[in-house]
Number of protein chains: 2
Amino acid sequence: MAGTDQLSAVFSALADPTRRAILVELAEHDATVTELTAPLPISMPAVSRHLKVLERAALISRTRSGKWRGSRLQGAPLRDAADWIDRYRRFWDSSLTRLDAHLAAVQAAERATDRMANDPKVPDNQEL
Amino acid sequence: MAGTDQLSAVFSALADPTRRAILVELAEHDATVTELTAPLPISMPAVSRHLKVLERAALISRTRSGKWRGSRLQGAPLRDAADWIDRYRRFWDSSLTRLDAHLAAVQAAERATDRMANDPKVPDNQEL
DNA sequence: CTTTCATTTAACCAACATGTTAAATGAAAC
DNA sequence: GTTTCATTTAACATGTTGGTTAAATGAAAG
């Protein structure tokens with residue numbers, strides 16, 4: 001899973017298209033394993049294990065009602081993931097372009113001193 | 001990587017704490033492999049491969065300037081990831097609680113007909 | 001040219017992920 | 001109580017990940 005921390009578990013869980021499809025389904029309604037398996041091209045044991053991964057990441061909770069096990073989407077971990085990504089919004093949000101440019105300039109200046117000291121020749125602000 | 005699609009590559013790349021640390025660093029300034037390796041507890045070849053993963057996910061671009069290879073954060077894939085997660089905002093954003101409840105009710109009603117037909121006994125709206 | 005420096009590639013390894021089919025579990029239905 | 005149904009666990013195969021050290025590459029410096 002790469003890391004064992006919560007965020008790693010969540011991103012890792014989201015990295016699989018089958019699991020994302022399951023979450024899409026669960027966003028519409030709670031569902032049993034059989035229901036979740038139906039539209040998928042894999043076996044039920046495989047789905048069962050995907051659900052276990054989602055559960056470990058706390059992306060779903062599970063209920064039991066007789067022979068059926070229901071899965072329900074839990075949003076909290078998604079919020080954590082969204083919060084993490086959001087710190088990089090200035091790298092894609094055009095409305096922040098000006099601010100981004102300004103911050104970059106300030107940071108470049110701040111680093112200038114350090115750089116002069118140990119001369120790491122970083123290709124900073126170089127075009128690709 | 002689980003899937004080979006773009007989103008899977010991005011989430012998979014983000015699933016590793018070392019790679020997230022690298023992105024944190026790159027959010028402040030472009031950096032060489034040596035600079036990125038310095039604060040990390042792993043070897044330079046290991047970092048080099050992490051960078052390759054990030055590059056495959058298009059989360060960074062790379063420049064070359066003499067013997068140095070610079071890495072630069074690219075935000076676009078993060079926006080894609082953020083957009084995907086954002087579709088689930090109603091599952092954690094309390095300001096959408098009312099709407100969420102309403103949508104859930106509507107959807108439950110819509111499904112009711114189908115459910116009656118093949119009786120899948122879903123533990124819908126069940127407490128955990 | 002030879003050496004040095006930054007980085008990548010190669011070869012290897014242990015751990016994990018994802019799928020399969022077959023067997024086990026556990027509650028429901030008969 | 002035996003069978004049936006939903007689900008999980010076991011056992012297995014295969015590919016990927018993430019780390020290592022040692023060798024290769026390629027430009028800079030002497």
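Letters A, B, ... are given to chains in the order of the sequence lines, protein chains preceding strands, and every chain is numbered from 1. Note that the structure is a prediction, hence the values are computed from the model and not measured.
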Item to check | Contact nearer the 5' end of DNA chain D, comparing A:Lys67 with B:Gly66 | outcome: A:Lys67
Item to check | B:Phe91 versus A:Leu26, closest heavy-atom pair with distance | outcome: CZ-O, 4.5 Å
Checklist entry - So, for A:Gly75 and B:Trp92, which heavy atoms are closest and what is the spacing to 0.1 Å? => result O-CE3, 3.7 Å
Next on the checklist: If we ignore hydrogens and angles and just use 3.5 Å, is the side chain of A:Arg72 paired with the main-chain N or O of A:Asp30 as donor and acceptor?
Outcome noted: no
Checklist entry - Which nucleotide in the set D:dT8, D:dT17, D:dG18 lies at the smallest distance from any side-chain heavy atom of A:Val33? => result D:dT8
Next on the checklist: Between C1' on D:dT7 and CD1 on A:Ile60, what's the gap in Å once rounded to a whole number?
Outcome noted: 13 Å
Next on the checklist: Which residues pass the salt bridge (charged side-chain N to carboxylate O under 4.0 Å, His left out) test with A:Asp86, not counting sequence neighbours?
Outcome noted: A:Arg89
Pairwise N/O distances under 3.5 Å, protein to nucleotides 20-22 of chain D:
| residue | atom | partner | partner atom | Å |
| --- | --- | --- | --- | --- |
| D:dT20 | OP1 | B:Ser43 | N | 3.4 |
| D:dT20 | OP2 | B:Ser43 | N | 3.0 |
| D:dT20 | OP2 | B:Ser43 | OG | 2.5 |

Checklist entry - Considering only D:dT7, D:dG18, D:dT8, which nucleotide approaches the side chain of A:Trp68 most closely? => result D:dT7
Checklist entry - A:Thr34 has a side chain; which of C:dT7, D:dT8, D:dT7 sits nearest to it? => result D:dT7
Checklist entry - So do A:Arg69 and A:Thr32 actually touch side chain to side chain, heavy atoms under 4.5 Å? => result no
Next on the checklist: On the nucleotide D:dA6, are OP1 or OP2 found under 4.0 Å from the side-chain N or O atoms that A:Arg69 carries?
Outcome noted: no
Checklist entry - Is B:Lys52 near enough to C:dT9 that one of its side-chain N or O atoms lies under 4.0 angstrom from OP1 or OP2? => result yes
Item to check | Short side-chain N/O contact from A:Arg64 to OP1 or OP2 of D:dT7, under 4.0 Å | outcome: no
Checklist outcome for this item: Sorted by chain and residue number, the side-chain contact (heavy atoms from CB on, under 4.5 Å) partners of B:Ala46 (sequence neighbours excluded) come out as B:Ile42, B:Ser43
Review item, side-chain donor-acceptor pairs of residues 47-58 of chain A, under 3.5 Å, at least two apart:
| residue | atom | partner | partner atom | Å |
| --- | --- | --- | --- | --- |
| A:His50 | ND1 | A:Arg19 | NH1 | 3.1 |

Next on the checklist: Strictly below 4.0 Å: does B:Ser48 bring a side-chain N or O up to OP1 or OP2 of C:dT7?
Outcome noted: no
Next on the checklist: Donor-acceptor pair, distance only, cut-off 3.5 Å: does the side chain of A:Ser8 make one with the backbone of A:Thr4?
Outcome noted: no
Next on the checklist: Rounding to an integer number of Å, can you tell me how far A:Glu55 CD sits from D:dT9 C1'?
Outcome noted: 15 Å
Between the protein and nucleotides 14-16 of chain C, list the N/O to N/O atom pairs that are separated by less than 3.5 angstrom.
| residue | atom | partner | partner atom | Å |
| --- | --- | --- | --- | --- |
| C:dC16 | O3' | A:Met1 | N | 3.3 |

Item to check | Length of the line joining B:Asp16:CG and D:dT16:P, which is rounded to integer Å | outcome: 18 Å
Checklist outcome for this item: From CG of B:Leu36 across to P of C:dA6 the rounded distance in Å is 14 Å
Checklist entry - Between D:dG19 atom C1' and B:Ile22 atom CD1, what is the distance in whole Å? => result 14 Å
Checklist entry - Can you find a side chain N or O atom of B:His50 that sits less than 4.0 Å from OP1 or OP2 on D:dT17? => result no
Next on the checklist: Could you work out, with side-chain contact (heavy atoms from CB on, under 4.5 Å) as the rule, every residue matching B:Ala76, not counting sequence neighbours?
Outcome noted: B:Arg79
